[in-house]
Amino acid sequence: MSAYRIILVGTDGSDSSFRAVDRAAQLAAATGAALLLASAYSPMPERERASAADRLGDLAYKVQGSTPADDALRAARERAVAAGARDIDQVAVEGDAVDVISRLAKERGADLVVVGNRGLNSLAGRILGSVPANLSHRAPCDVLIAHTTPRGR
């Protein structure tokens with residue numbers, strides 16, 4: 001039995017976040033843990049939402065879930081399945097990434113949050129605070145910061 005029963009990983013659709021998904025999915029597959037894929041998003045401006053509805057039709061837009069967060073989650077799920085994860089759930093939540101992931105970890109009882117290291121060494125990350133650094137302080141559980149960027153960056 002694994003110490004980790006629920007592993008939460010955030011994705012924004014970037015290559016770096018998908019590498020974190022790969023690591024989380026491999027760990028979930030190896031330990032039998034459930035994997036929760038999460039994507040935080042900002043609300044789509046009304047003008048963009050109206051444009052998408054015009055292109056796809058209101059119902060088609062809602063059914064297809066063609067938001068960037070939904071697209072990221074679909075791609076992340078495919079990667080997680082390919083990595084061997086079996087028990088996979090996914091959720092898109094409006095809000096700041098750190099707020100969303102830390103809240104989901106608490107609400108869903110996650111034992112581990114996996115996040116990529118992107119932002120830890122950037123100037124903006126040092127000044128504003130990065131998602132990995134902030135999550136390491138705010139998450140209610142263990143945080144695994146996976147190395148997801150090329151060495152030297």
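Partner of Ile101 under the side-chain contact (heavy atoms from CB on, under 4.5 Å) criterion, out of Asn134, Val113, Val93: Val113 alone. A side-chain contact (heavy atoms from CB on, under 4.5 Å) with Val115 is found for exactly one of Leu135, Val98, Leu144, namely Leu135.
Ser17 places a side-chain N or O within 3.5 Å of a backbone atom of Asp12 that can act as its donor or acceptor partner.
The heavy-atom pair separating Arg86 from Ala29 by the smallest distance is NH2-O, 3.8 Å. Between Ala146 and Val114, the closest heavy-atom pair is CB-CG1, 4.4 Å. Between Ala40 and Gly95, the shortest heavy-atom contact is CB-O, 3.4 Å. Of all heavy-atom pairs between Gly116 and Ala20, the closest is N-CB, 3.7 Å. When every heavy atom of Tyr41 is checked against every heavy atom of Ala92, the shortest pair comes out as CE2-C, 3.8 Å. In this structure, Ala72 and Thr11 approach most closely via the heavy-atom pair O-CG2, 4.2 Å.
Here the CD1 atom belonging to Ile7 is positioned 5.5 Å from the CG atom belonging to Leu112, to the nearest 0.5 angstrom. Summarising the geometry, atom CD belonging to Glu94 is positioned 12.0 Å from atom OG belonging to Ser39; distances are rounded to the nearest 0.5 Å. The SG atom of Cys141 sits 10.0 Å away from the CD1 atom of Ile6 when rounded to the nearest 0.5 Å.
The pair Asp22-Arg19 does not count as a salt bridge, with every side-chain nitrogen at least 4.0 angstrom from each carboxylate oxygen.
Leu37 is linked by a side-chain contact (heavy atoms from CB on, under 4.5 Å) to Val9, Val21, Leu35, Leu73, Ala76, Arg77, Ile88, Gln90, counting only residues two or more places apart in sequence or in another chain. Under the rule for a salt bridge (Lys or Arg N to Asp or Glu O under 4.0 Å), the partners of Arg108 that lie at least two apart in sequence or sit in another chain are Asp89. For Arg23, there are no salt bridge (Lys or Arg N to Asp or Glu O under 4.0 Å) partners at least two apart in sequence or on another chain. With sequence neighbours excluded, the residues satisfying side-chain contact (heavy atoms from CB on, under 4.5 Å) with Asp99 are Asp96, Arg138. Scored by the salt bridge (Lys or Arg N to Asp or Glu O under 4.0 Å) test, Arg103 finds Glu107 as partners (sequence neighbours excluded).
Note on residues 27-42: no pairs pass salt bridge (Lys or Arg N to Asp or Glu O under 4.0 Å), not counting sequence neighbours.
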